[in-house]
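Contents: one structure, followed by commentary.
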Amino acid sequence: MDKSYSPGDIESRIYAAWEAAGWFAPAGDGTPYCIVIPPPNVTGTLHMGHAFQHTLMDVLTRVHRMDGDRTLWQPGTDHAGIATQMVVERQLAAEGKKRHDLGREQFVERVWAWKEESGGTISRQMRRLGNSVDWSRDRFTMDEGLSDAVREVFVRLHDEGLIYRGKRLVNWDPVLHTALSDLEVLAEPEAGSLWHLRYPLADGSGYMIVATTRPETMLGDVAVAVNPEDERYRHLVGQQVRLPLTGRLIPIIADDYCDPAFGSGCVKITPAHDFNDYEIGKRHALPLINIFTADATLNEEVPAAYRGLDRFEARKRVVADFEAAGLLEKVVPHTLHVPRGDRSGAVLEPWLTDQWYVRIAPLAEPAIAAVEDGRIRFVPDNWSKTYFQWMRNIQDWCISRQLWWGHRIPAWYDEAGNIFVARSEAEAQAAATKQHGKPIALRQDEDVLDTWFSSALWPFSTLGWPQQTNELARFYPTSVLVTGFDIIFFWVARMIMLGLKFQGEVPFREVYITGLIRDEHGNKMSKSKGNIIDPLDLIDGIELEALVAKRTTGLMQPQMKNAIEKATRKQFPQGIPAFGTDAMRFTFAALATMGRDIRFDLGRVEGYRNFCNKLWNAARYVLMNTEEHAADLASGPCEYSVADRWIRGRLGAAVTSVRTHLAGYRFDLAAQALYEFVWYEFCDWYLELSKPVLQGAETDSAARRGTRRTLLEVLEGTLRLLHPLMPFITEEIWQKVGPLAGRKGTTIMLQAYPTAAEFARDATAERDIAALQAVVLGIRQIRGELDVPHSRATPVYVRTDRPGDVEALAALAATIRKLANVESIEIVRSEADLPPCAIAISAGRTVLAPFDRLIDDVSAELARLEKRKAKTGQERDKCAAKLANANFVANAPESVVTQERDRIAEFERQLEQLGEQMRRLAAVAATATER
RNA sequence: GGGCGCAUAGCUCAGCGGUAGAGCACUGCAUUGACAUUGCAGGGGUCCCAAGUUCGAUCCUUGGUGCGCCCACCA
């Protein structure tokens, strides 16, 4: 093995071998375990959030695979209707073309070509991330099979009356020329105005004053509404006003919707361009006057002077004309929520169109029940509240989009406008023929379905439905869904609804909701903020100039360029070093705390890269000490030392901890347990403890064999325990260590995940090693606090009250001497006859080292003891205060009181010892001064 | 308007009804044998504020302050 860990050399080679061997496919006949991937946009690239979620899914997948489950991680990508179409339209725009120049067929071909061209990016990225998905089952939402599923669901829902076509107000994007669902609307507060307009009463007796944020829509007004209880206007209800600029007469009506306290208390009613007004219009049987074209310019319904104007231009003109006519009462500043499309950013227009809807209430009800009764569990649980809140107020889902890229709606029309919903044109034609008595020309609906319609079927469409496949029977319901809270409504809820509807079963049993990955300041990562980190740049590293270029090219707002460049240069003056996949994955796991967003900290990645290096070098040490003894290890008598038995048991404890935490989705705690075991127990203690055994000339061969075997077996078990988090480095090391440890098999990824039973704990060994550690730590403390180099050897005396210590320390004396560079170690009953010493006190044990062998000046030790004494005194006082409280002694549990009594006794003992020691040292110091 | 979350060391975060923790950063010491991507030792906290419950509150309850997110039709 190389002296230094360099991830780049090993990662791609290893992944290729795994993939070629077909090890990612489900195998065996264990319990099925399945995760479906949240399908990323096929033409996109994976960002940090994907890398994070994929890491967690891969960890779960690998653990279950190693545990013998028949494990499937189902991969795939999404066609991402609007997003993808926009990208291709932008490409066309660069060539000076529009999609209509190509026509539908050619345009769609062009999108497919783009999909083929860029579609490999994601799978390449996933391979670099080590994601063990079954590539043989890779699916795309517009694959033939998945499209069959879409049509099947559409037809069946339509047959049941759960899909219908209707003309009503939708959120219209006048830039993209498509309808959007409610979820795709972002309503941000923006500064605007509230215009107070005078509408003259028809009888000329005065004005009504209406307040509006959208004066241009007055051209489509059909009424003025007031609250029926409003004394100011009650007498006017039933009368008419003459609508300025148009001259139309419109009625004054009464409706509870009006809030007398807001504005003037009078509301202009424009049913064709406002959702509230639409409802009021329905209640009062008012006409709808649509004044906008698809571009949101004014149409022929308005007076000639305004036709063809853009809505914002029209606003200025209308306001100016009101002012000119003396009908503008006042204008007050007003912040309002402006609805914008989540893709285009355009201000949306409520617009009257024919669209397809899913009648959602009948589907929502069982989906709510499934979470209520625990068939689906959200982790962390509080996300179920978010789910319920939305599901209980859910609105019908507008599923048609006026786009070209997507699943075309399986509905056909005849000349008369009759609709035939069918799985294919042939089926539609058959129905039409039957109805008309002869074949007839049909025209398919031009619209496509909302991307999320096909995503909603993902857990069963990817498994082969509507075919009744073995995979469907085996893996549905899937085990867990891992995703972000931002798509609970878009995706999770809809999968639950349609899964229950079409499979009669929930689509997954648990939903693990991850936090959002943010930058180090807590900001969302986004291209426009210029704070994106590409996961591959963490793995491979990137030069500063390349990083700056990456962040500043193709910006939507080029004016941000300088600020982004400056911030990037400041944050990464050296660019980003190559940390490797394993370090990045371990970081994600370690940061995956429950229910909390994650500020991504490069320092953590560096720390875990160091951890990889630590593991690498520990393995080198183990191999250096075992490889050439391979034959000898397999046979021959073997004797296990206290340390050998201790470290096996400690690994067992780590196994229990890791398994527990993973079962509860506490990846952070699992990572922490692994880190601590590997670094602090295996490396810091056990490897050091093994050195005297392996390097000492006097050790017998059975003891050497025991330690060598323990080194191998514990390292091998540790590698297996780590593998799901750090697949590459563990595989690389295991290739050498596995066989030496007596393991059969050619890859770590199919080895059994460790169990606690393999590594039994040993209470005696733990007690004895604790004694050893106390002594070694005491000596280190003395040296450390007195700034004495380790190289300065000293005799050591130990006084102990702890049962078993005397025997344990005697047995381990040689080891302690080596570890702590101690000349001799002697157990004493009292300090009285010892030379003046520096001391370290821990519970029940005192470690003493003659100070004249360590330092020249007693005052350093005196100062040190003074500090210790002050600290211990504080603790003692806290304890004493507690025990002085009669209520505490009377009410606290017996064990707590006893514990406090023991503690104070210990503190008193230590204080006394410290005092005694200080007196002795003071005497020595005095003598020294005299001389 | 409704709902959810967060506040602990300089930074990023765990944690817990009884002794406050980690990583990074910081200080001192250490240089031939697994590893300087290292080892050893150390400094550093009003656990946001207030009241309540309790023998005891960083933890539980209530209120407040600050920050963040989601949902919602006040023109």
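Residue numbering restarts at 1 for every chain, and letters A, B, ... go by the order of the sequence lines.
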With a 4.0 Å limit, can you tell me whether [X] has a side-chain N or O closer than that to the phosphate oxygens OP1/OP2 of [N]?
| X | N | result |
| --- | --- | --- |
| A:Y387 | B:rC71 | no |
| A:H337 | B:rC74 | no |
| A:R596 | B:rA14 | yes |
| A:Q672 | B:rA14 | no |

Nucleotide N/O of nucleotides 36-39 of chain B paired with protein N/O under 3.5 Å:
| unit_1 | atom_1 | unit_2 | atom_2 | d |
| --- | --- | --- | --- | --- |
| B:rU37 | O4' | A:N610 | OD1 | 3.3 |
| B:rU37 | O2' | A:N613 | ND2 | 2.4 |
| B:rU37 | O2 | A:R609 | NE | 3.3 |
| B:rU38 | O3' | A:K614 | NZ | 3.2 |
| B:rG39 | OP1 | A:K614 | NZ | 3.1 |
| B:rG39 | OP1 | A:W679 | NE1 | 2.3 |

Quiz: residues 869-880 of chain A side-chain donor-acceptor pairs under 3.5 angstrom, not counting sequence neighbours:
| unit_1 | atom_1 | unit_2 | atom_2 | d |
| --- | --- | --- | --- | --- |
| A:T872 | OG1 | A:R868 | O | 2.8 |
| A:E875 | OE1 | A:R903 | NH2 | 3.4 |
| A:R876 | NH1 | A:E908 | OE1 | 3.3 |

Quick check: does any side chain N or O of [X] sit under 3.5 Å from a backbone N or O of [Y], one acting as donor and the other as acceptor?
| X | Y | value |
| --- | --- | --- |
| A:W616 | A:D2 | yes |
| A:T212 | A:R214 | yes |
| A:R604 | A:F586 | no |
| A:R585 | A:L725 | yes |
| A:Q910 | A:F907 | no |
| A:E329 | A:A211 | no |
| A:N227 | A:D259 | no |
| A:R596 | A:G515 | no |
| A:R392 | A:I368 | no |
| A:S264 | A:C266 | yes |

Does some side-chain heavy atom of [Y] sit less than 4.5 Å from a side-chain heavy atom of [X]?
| X | Y | answer |
| --- | --- | --- |
| A:F52 | A:L591 | no |
| A:I729 | A:Y5 | yes |
| A:V210 | A:D221 | no |

Checklist entry - Looking at RNA chain B, which of residues 253-268 of chain A put a heavy atom within less than 4.0 Å of it? => result A:Y257, A:C258, A:D259, A:F262, A:G265, A:V267

Item to check | Side chain of A:T212 - closest among B:rA75, B:rC55, B:rG23 | outcome: B:rA75

Determine the interatomic distance between [atom1] on [N] and the same-named atom on [M]; round to the nearest Å.
| N | M | atom1 | answer |
| --- | --- | --- | --- |
| B:rU27 | B:rC59 | C1' | 33 Å |
| B:rA9 | B:rU37 | P | 30 Å |
| B:rA30 | B:rA20 | C1' | 30 Å |
| B:rC49 | B:rC6 | C1' | 16 Å |
| B:rA25 | B:rG10 | C1' | 7 Å |
| B:rG43 | B:rG5 | C1' | 34 Å |
| B:rG23 | B:rU61 | C1' | 34 Å |
| B:rC73 | B:rG68 | C1' | 25 Å |

Show me the donor-acceptor pairs, under 3.5 Å and distance only, between side chains in residues 884-899 of chain A and residues at least two apart or in other chains.
| unit_1 | atom_1 | unit_2 | atom_2 | d |
| --- | --- | --- | --- | --- |
| A:N885 | OD1 | A:N887 | N | 2.9 |
| A:N885 | OD1 | A:F888 | N | 3.4 |
| A:N891 | ND2 | A:N887 | O | 3.1 |
| A:T898 | OG1 | A:E894 | O | 2.8 |

Checklist entry - Given that A:V622 and A:L591 both sit by RNA chain B, which one's nearest nucleotide is further toward the 5' end? => result A:L591

Checklist entry - Of A:G603 and A:D182, whose closest RNA chain B nucleotide lies nearer the 5' terminus? => result A:G603

Checklist outcome for this item: Applying salt bridge (Lys or Arg N to Asp or Glu O under 4.0 Å) to A:E229 and not counting sequence neighbours gives A:R234

Checklist entry - With sequence neighbours excluded, what pairs up with A:D519 under the salt bridge (Lys or Arg N to Asp or Glu O under 4.0 Å) test? => result none

Give every pair of a protein N or O atom and an N or O atom of nucleotides 28-32 of chain B that lie under 3.5 Å apart, one pair per line with the distance.
| unit_1 | atom_1 | unit_2 | atom_2 | d |
| --- | --- | --- | --- | --- |
| B:rG28 | O2' | A:D787 | OD1 | 3.1 |
| B:rG28 | O2' | A:D787 | OD2 | 2.9 |

Using a 4.0 Å heavy-atom cut-off, does [X] contact any base of the nucleic acid, only the sugar-phosphate backbone, or nothing at all?
| X | result |
| --- | --- |
| A:L777 | sugar-phosphate |
| A:H196 | nothing |
| A:F388 | nothing |
| A:A890 | nothing |
| A:E906 | nothing |

Distance-only criterion, 3.5 Å: show the donor-acceptor pairs between side-chain atoms of residues 669-683 of chain A and protein atoms not counting sequence neighbours.
| unit_1 | atom_1 | unit_2 | atom_2 | d |
| --- | --- | --- | --- | --- |
| A:Q672 | NE2 | A:E676 | OE2 | 3.2 |
| A:E681 | OE2 | A:R650 | NE | 2.8 |

Atom pairs, N/O to N/O, protein against nucleotides 68-70 of chain B, distance under 3.5 Å?
none

Checklist entry - After noting the C-alpha distance and the side-chain angles of A:D902 and A:E906, does the key distance pass the side chain to side chain contact (heavy atoms under 4.5 Å, CB included) rule? => result CA-CA 6 Å; A:D902 291 350; A:E906 174 64 23; over 6 Å; no

Next on the checklist: side chain to side chain contact (heavy atoms under 4.5 Å, CB included) for A:D342 and A:V185? Distances and angles first, verdict last.
Outcome noted: CA-CA 6 Å; A:D342 63 351; A:V185 180; over 6 Å; no

Checklist entry - Which is it for A:F588 and A:F600 under the ring-ring contact (aromatic ring centres under 6.0 Å, His included) test, yes or no, and what are the steps along the way? => result CA-CA 9 Å; A:F588 283 132; A:F600 197 80; 5.6 Å; yes

Which pairs, protein N/O on one side and nucleotides 15-18 of chain B N/O on the other, fall under 3.5 Å?
| unit_1 | atom_1 | unit_2 | atom_2 | d |
| --- | --- | --- | --- | --- |
| B:rG15 | OP1 | A:R666 | NH1 | 3.1 |
| B:rG15 | OP1 | A:R666 | NH2 | 3.2 |

Item to check | Consecutive-pair stems (3 or more, Watson-Crick or G-U, under 3.5 Å) for RNA chain B | outcome: B:1-7 with B:65-71, B:10-13 with B:21-24, B:26-30 with B:38-42, B:48-52 with B:60-64

Checklist entry - Given A:I280 and A:I253, is the side chain to side chain contact (heavy atoms under 4.5 Å, CB included) satisfied, shown in steps? => result CA-CA 10 Å; A:I280 293 171; A:I253 60 172; 4.0 Å; yes

Polar pairs (N or O, both sides) under 3.5 Å between protein and nucleotides 43-47 of chain B?
| unit_1 | atom_1 | unit_2 | atom_2 | d |
| --- | --- | --- | --- | --- |
| B:rG43 | OP1 | A:K871 | NZ | 2.9 |

